[in-house]
A.B. asks: 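Dropping the structure in here first, questions after.
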Amino acid sequence: IVKLQSEVRQLEVHRNAQRLMFNRFQSFFDQNKDLKKIPQIYSDCLEEVSLQKKYEKQIYELAKSFEKEHQLLEQKEIERRKMFFSSVPQELALKFFPDLGLSPARFGGNDSQIIANQNQNQN
């Protein structure tokens with residue numbers, strides 16, 4: 001019985017070693033399948049990077065164009081408001097309509113600045 005139990009243990013050890021070897025071979029073959037795909041995957045990735053860079057460039061150019069246009073509009077609005085305040089008593093106008101002194105709307109800017117304060121800083 002002892003000899004039989006010893007042989008069974010050896011068979012189990014041998015079977016486990018074979019399973020481990022089989023799993024290693026299986027993993028190796030699976031990796032080889034993936035290796036064959038590498039040129040196509042690499043090509044697809046290059047194309048995707050190119051498309052993403054193209055998109056980023058378009059967004060950058062759009063933002064830059066918008067920024068220039070926004071600056072022109074803002075400058076025109078500031079000049080128009082200066083002209084308005086030069087034609088009316090500024091302090092009185094701001095007492096009646098305090099929001100008239102707010103700076104022009106801007107994206108990401110601070111809208112609470114008062115033009116009157118800007119004019120005083122410039123003088």
A.B. asks: What residue among E77, K76, H70 forms side chain to side chain contact (heavy atoms under 4.5 Å, CB included) with E74?
C.D. replies: H70
A.B. asks: Test your reading of the model: is there a side-chain donor-acceptor pair from S43 to the backbone of Q40, 3.5 Å cut-off?
C.D. replies: no
A.B. asks: Starting from the C-alpha separation in whole Å, work towards a yes-or-no answer on side-chain hydrogen bond (donor to acceptor under 3.5 Å, both in side chains) for Q71 and Q75.
C.D. replies: CA-CA 6 Å; Q71 287 174 350; Q75 193 59 39; over 6 Å; no
A.B. asks: Can you see which heavy atom on A93 is nearest to which on L100, and at what distance?
C.D. replies: O-CD1, 4.3 Å
A.B. asks: Without placing hydrogens or testing angles, list every side-chain donor-acceptor pair under 3.5 Å for residues 12-26, not counting sequence neighbours.
C.D. replies:
| residue | atom | partner | partner atom | Å |
| --- | --- | --- | --- | --- |
| H14 | NE2 | Q18 | NE2 | 3.1 |
| N16 | ND2 | E12 | O | 3.3 |
| N23 | ND2 | R19 | O | 3.4 |
| Q26 | NE2 | D30 | OD1 | 3.3 |

A.B. asks: Let me check something: do F96 and L94 share a hydrophobic cluster, defined by ILVMFWY side-chain heavy atoms less than 4.5 Å apart, either directly or through other members?
C.D. replies: yes
A.B. asks: Dump the intermediate steps for side chain to side chain contact (heavy atoms under 4.5 Å, CB included) on E7 and K3, then the final yes or no.
C.D. replies: CA-CA 6 Å; E7 289 176 4; K3 185 178 178 184; 3.6 Å; yes
A.B. asks: Nearest 0.5 angstrom please: F66 CZ to L73 CG, how far?
C.D. replies: 8.5 Å
A.B. asks: Grab the two heavy atoms, one from R81 and one from S103, that are nearest each other, plus how far apart they are.
C.D. replies: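 Looks like NH1-C, 3.3 Å.
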A.B. asks: So how far is it from Y42 OH to E47 CD, rounded to the nearest 0.5 Å?
C.D. replies: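 So the OH of Y42 and the CD of E47 are separated by 13.5 Å.
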A.B. asks: Between CD1 of I41 and NZ of K36, what distance do you get to the nearest 0.5 Å?
C.D. replies: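 It is 13.5 Å, given to the nearest 0.5 Å.
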A.B. asks: Donor-acceptor pair, distance only, cut-off 3.5 Å: does the side chain of S65 make one with the backbone of L62?
C.D. replies: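 A pair under 3.5 Å: no.
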A.B. asks: Are F85 and L92 connected in a single hydrophobic cluster, I mean Ile/Leu/Val/Met/Phe/Trp/Tyr linked by side-chain heavy atoms less than 4.5 Å apart?
C.D. replies: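 Per the 4.5 Å side-chain linkage, L92 and F85 are co-clustered.
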A.B. asks: Please determine, by modelled atom types, if E48 and Q52 share a side-chain donor-acceptor pair under 3.5 angstrom.
C.D. replies: yes
A.B. asks: How many angstroms lie between atom CG of L4 and atom CG of L11, to the nearest 0.5 angstrom?
C.D. replies: 9.5 Å
A.B. asks: Above 12 or not: heavy atoms from other molecules or residues under 6.0 Å from CD of E69?
C.D. replies: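 No - once you tally the heavy atoms of other residues, nucleotides and ligands closer than 6.0 Å, there are 12 at most.
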A.B. asks: Checking E56 now: which residues fulfil salt bridge (charged side-chain N to carboxylate O under 4.0 Å, His left out) with it, not counting sequence neighbours?
C.D. replies: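 E56: salt bridge (charged side-chain N to carboxylate O under 4.0 Å, His left out) contacts with K53.
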A.B. asks: Step by step, would you call E91 with K95 a salt bridge (Lys or Arg N to Asp or Glu O under 4.0 Å)?
C.D. replies: CA-CA 6 Å; E91 292 168 7; K95 282 184 182 180; over 6 Å; no
